[in-house]
Amino acid sequence: MGGVSGAVGAAERAERVPKQDRSRATRQRLLEAAVACLAERGWAGSTVSVVAEHAGVSRGAAQHHFPTREDLFTAAVEYVAEERSVALRVLFPEGAAADDRRAVVAALVDLYTGPLFRAALHLWVAASNEEQLRGRVTELEARVGRESHRIAVDLLGADETRPGARETVQGLLDMARGLGLANLLTDDGARRERVVEQWARLLDAALAGEAG
């Protein structure tokens, strides 16, 4: 009996691993599909059924991973925000030297002009009218904002003990958010390039001497 039960247990474990892998893959597809749908269709057009179809899974499978629509979309925006944070750090694994500040500014601006920002904006609009969603989105955005600020400080080599340094970095992030808003309606690429160049020069001037 022991040999039979051991064999059955091993078979169950062997079957469970692929199921776990499939479950993780399904969850990731749903998160990516939710962000894509939110960016393309907005909150009103991004139902669980639409996201499930976009991800190629059943509605039941979607609800197994995310019981409510709010669970799905807050998790999706958080997931992509974390992915973008990782991607940003990979771009500058050793940090950024002073002469790389333009590249840092451009990378931070990209963070606010891509699909994540567009999806997050739709989520903000929905949260302003949905009491159940508002608290979760507010908390999520506060966390993402703190992480973005910390990454910017590290990459720019800013010393926040110096007067004005924190406000300078936060001003950069606020500017990037504004460029993201401007990019929603029209292709603002040309003007954005000039603004990035100017902000890199301003940062060099404002943060000069901190490295030393």
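Since the structure is predicted, the reported quantities are computational estimates derived from the model, not experimental observations.
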Carboxylate-amine/guanidinium proximity below 4.0 Å for [X] and [Y]:
{"X": "D204", "Y": "R201", "result": "no"}
{"X": "R162", "Y": "D159", "result": "no"}
{"X": "R102", "Y": "E197", "result": "yes"}
{"X": "R150", "Y": "E147", "result": "yes"}

- Task: Please determine, by modelled atom types, if R166 and H149 share a side-chain donor-acceptor pair under 3.5 angstrom.
- Result: yes
- Message: Looking at W199, I'd like to know if the NZ or CZ of R194 sits under 6.0 Å from its six-membered ring centre while staying within 45 degrees of the ring's axis.
- Response: no
- Output the distance between atom CG (L108) and atom CD1 (I151), rounded to the nearest 0.5 Å. 8.0 Å
- Item | From L173 atom CG to T168 atom OG1, the distance as rounded to the nearest 0.5 Å | 11.5 Å
Side chains of [X] and [Y]: does their closest heavy-atom pair fall under 4.5 Å?
{"X": "V196", "Y": "E193", "value": "no"}
{"X": "F73", "Y": "H122", "value": "no"}
{"X": "E139", "Y": "R143", "value": "yes"}
{"X": "L72", "Y": "T68", "value": "no"}

- Note on the structure: Correct closest heavy-atom pair for F66 and D71 would be CD2-O, 3.9 Å
